[in-house]
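Residue numbers run from 1 in the order of the sequence given. When reading the values below, keep in mind they use all heavy atoms of this one structure, side chains included, and skip hydrogens, waters and symmetry mates. Just so you know, ligand 1 is whichever comes first in the structure, and atom 1 is the first atom listed for that ligand. Here the structure is a predicted model, which is why all the values come from computation and not from measurement.
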Amino acid sequence: MFAKIRNRLTLRYAMVMMLLMMAFIVASSAGLLWILYQEEQQDLRSFAEEEAREQAGMYKEKTAFFQLPPKENKDINHGAKIFYYVFDTNRQMAAAEEPSHGIRTGVLRIIHNWDAPDGEVELKKFHLPNGDRAVVMLCSMKIYDESQVLGTIFVGEDISAYYHMLKMLFIMMVIISIIFLIIAAFAGHLLAGKAMIPIKQAFSRQREFVADASHELRTPLSILQTSVEAVQNDDDQKLSPFAIQVLDDMKSEIRRMTKLVTDLLTLARADAGATNIIKEKFDLVAITEPLIHSLQPLAVVKEIDLKMSGDETVPIMADRERISQLLLILVDNAIKYTPAGGRVDVLIKRTAAPKTSVTIAVHDTGEGIPENERKLIFERFYRIDKARSREEGGTGLGLSIAKWIVDVHGGKIKVESTPGKGSTFIVSLPM
Ligand code: ADP
């Protein structure tokens with residue numbers, strides 16, 4: 001149980017750490033990208049405006065615009081560098097300061113399909129022939145002479161290097177985060193273990209107390225029971241009808257308390273791992289038959305048809321005592337919670353799929369168990385109807401013990417039920 005809690009705590013801690021790290025990575029990457037975008041956007045826009053003015057000025061002085069052949073920017077083959085293209089109104093290239101060879105074709109293709117409004121900066125990505133990814137920022141600006149449009153200038157910047165750097169940074173942050181996460185999970189596991197030491201100690205003291213108290217209560221209870229029986233059997237004593245009734249009530253209360261104390265002791269020992277499970281090979285049918293036989297009088301009193309079916313022999317490797325106890329709990333419950341005239345069927349059989357196992361199914365036509373209570377009934381002291389359980393001599397511990405027995409045998413227990421129609425407890429145990 002503690003190992004489970006410790007693992008769960010570690011998992012939660014690691015998940016919180018992972019979420020925080022993911023949030024950090026996403027926020028920092030997005031932040032860096034945004035800063036880069038904002039800065040470059042501003043630069044590009046100012047550059048475009050300045051260059052558009054310059055080109056218009058040149059046109060006025062008739063010095064350069066429409067005359068200069070495109071000049072290639074020779075010194076740039078790497079890194080971010082601002083480039084531009086000037087097109088006249090006939091979409092003819094008039095002047096240019098070109099980007100590196102590699103991205104030239106891609107940039108011209110984007111410009112060719114350009115439809116963004118003036119001054120708006122767009123981020124464009126495309127693949128180069130060598131498979132690399134190029135990232136450019138582009139913006140267009142009309143060149144005016146008074147109100148006459150002379151042409152359009154496209155200004156761009158190759159930010160592939162920044163982009164690549166950001167990508168590498170992102171990958172590095174992810175790798176570092178994973179390493180940190182592993183270290184944090186490991187540290188979390190250690191710390192959770194340390195934090196649980198006092199809880200474990202308190203829990204084990206509590207367990208010892210329950211075990212000791214239950215154990216100590218057994219002797220006085222059995223003395224009480226024998227004393228009451230002795231008084232009841234004393235022929236010389238003339239008991240009034242009232243005294244007889246009181247003695248009867250006392251006896252049934254003592255029986256209930258003895259059962260409670262025995263159940264508590266079983267669970268306390270189970271918690272402490274102090275119960276020896278002695279596995280041996282035996283026939284499950286051979287121990288079920290006498291048990292059903294011994295419960296027949298109870299069923300007859302309640303007018304319940306108690307039957308057993310299934311395979312003729314079902315060999316199993318298990319603790320004989322505990323399996324009998326498990327059967328007793330399930331069949332006893334089925335009789336307790338089934339009204340007069342009902343039916344209880346016990347089925348014992350071998351199951352081949354998904355793997356060879358033994359199935360014990362106890363079906364009743366009783367009151368059934370509502371869906372939301374089906375898991376809870378296996379918890380200690382959980383009873384759907386407390387008064388009813390008490391009336392039937394129940395303690396609320398039977399199914400907890402049944403579950404523990406199934407668990408220590410590596411099996412599974414589940415309940416299927418239709419409220420108002422009945423329930424089936426299905427146990428599957430490895431052979
Ligand atoms: P109890 O001693 O009260 O029977 P259990 O742990 O054996 O305690 O069962 C827990 C509760 O589950 C019971 O109080 C009852 O409400 C419910 N329950 C158990 N078996 C059946 C059944 N066959 N049909 C309906 N309810 C059941």
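Ligand 1 lies less than 4.0 angstrom from a heavy atom belonging to F425. Residue contact check for ligand 1: G396 places a non-hydrogen atom closer than 4.0 Å to it. Using a 4.0 angstrom heavy-atom cutoff, K336 counts as in contact with ligand 1.
Note: Y337 OH to D385 CG = 8.5 Å, rounded to the nearest 0.5 Å.
Taking atom 26 (N) of ligand 1 as the reference point, the nearest protein heavy-atom neighbour is I369 CG1, 3.5 Å. Scanning all protein heavy atoms for the shortest distance to atom 24 (N) of ligand 1 gives Y337 CB, 3.5 Å. Of all protein heavy atoms, the one closest to atom 3 (O) of ligand 1 is S389 OG, 2.6 Å. For atom 12 (O) of ligand 1, the closest heavy atom belonging to the protein is I377 CG2, 3.3 Å.
Panel note: side chain N233, backbone E229; a donor-acceptor pair is recorded below 3.5 Å. A donor-acceptor pair under 3.5 Å is formed between the side chain of S28 and the backbone N or O of I25. Using modelled atom types, one side-chain atom of S417 and one backbone atom of G422 make a donor-acceptor pair closer than 3.5 Å. The main-chain N or O of T262 is found under 3.5 Å from a side-chain atom of T266 such that the two form a donor-acceptor pair. When atom types are taken as modelled, the side chain of H409 and the backbone of D319 share a donor-acceptor pair closer than 3.5 angstrom.
Heavy-atom contacts of R383 reach the following atoms of ligand 1: 3 (O), 14 (O) (cutoff under 4.0 Å). Taking a cut-off of under 4.0 Å to the non-hydrogen atoms of G398, the atoms of ligand 1 that pass are 5 (P), 6 (O), 7 (O). Those atoms of ligand 1 with a heavy atom of L397 less than 4.0 angstrom away are 6 (O), 8 (O). Under a 4.0 Å criterion applied to the non-hydrogen atoms of S423, ligand 1 contributes the atoms 24 (N).
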Test log, rule side-chain contact (heavy atoms from CB on, under 4.5 Å), inputs E416 and K414
CA-CA 7 Å; E416 288 169 2; K414 63 172 181 174; 3.5 Å; yes
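In terms of N/O distances under 3.5 Å, ligand 1 is approached by N333. Ligand 1 has no nitrogen or oxygen under 3.5 angstrom from a nitrogen or oxygen of Y382. By the 3.5 Å distance cut-off applied to N or O atoms, G368 is not counted among the residues near ligand 1. Residue-to-ligand polar distances place D364 within reach of ligand 1: an N/O pair is separated by less than 3.5 Å.
The environment of R256 atom CZ is dense: over 12 non-hydrogen atoms of other residues, nucleotides or ligands sit within 6.0 angstrom.
Evaluated for a ring-ring contact (aromatic ring centres under 6.0 Å, His included) with F154, the options Y84, Y85, F47, F87 yield exactly one hit, F87.
The residue among L376, L399, I384, I329 with a heavy atom at the shortest distance from atom 5 (P) of ligand 1 is L399.
Side chains of T351 and T359: a donor-acceptor N/O pair is present below 3.5 angstrom, by distance only.
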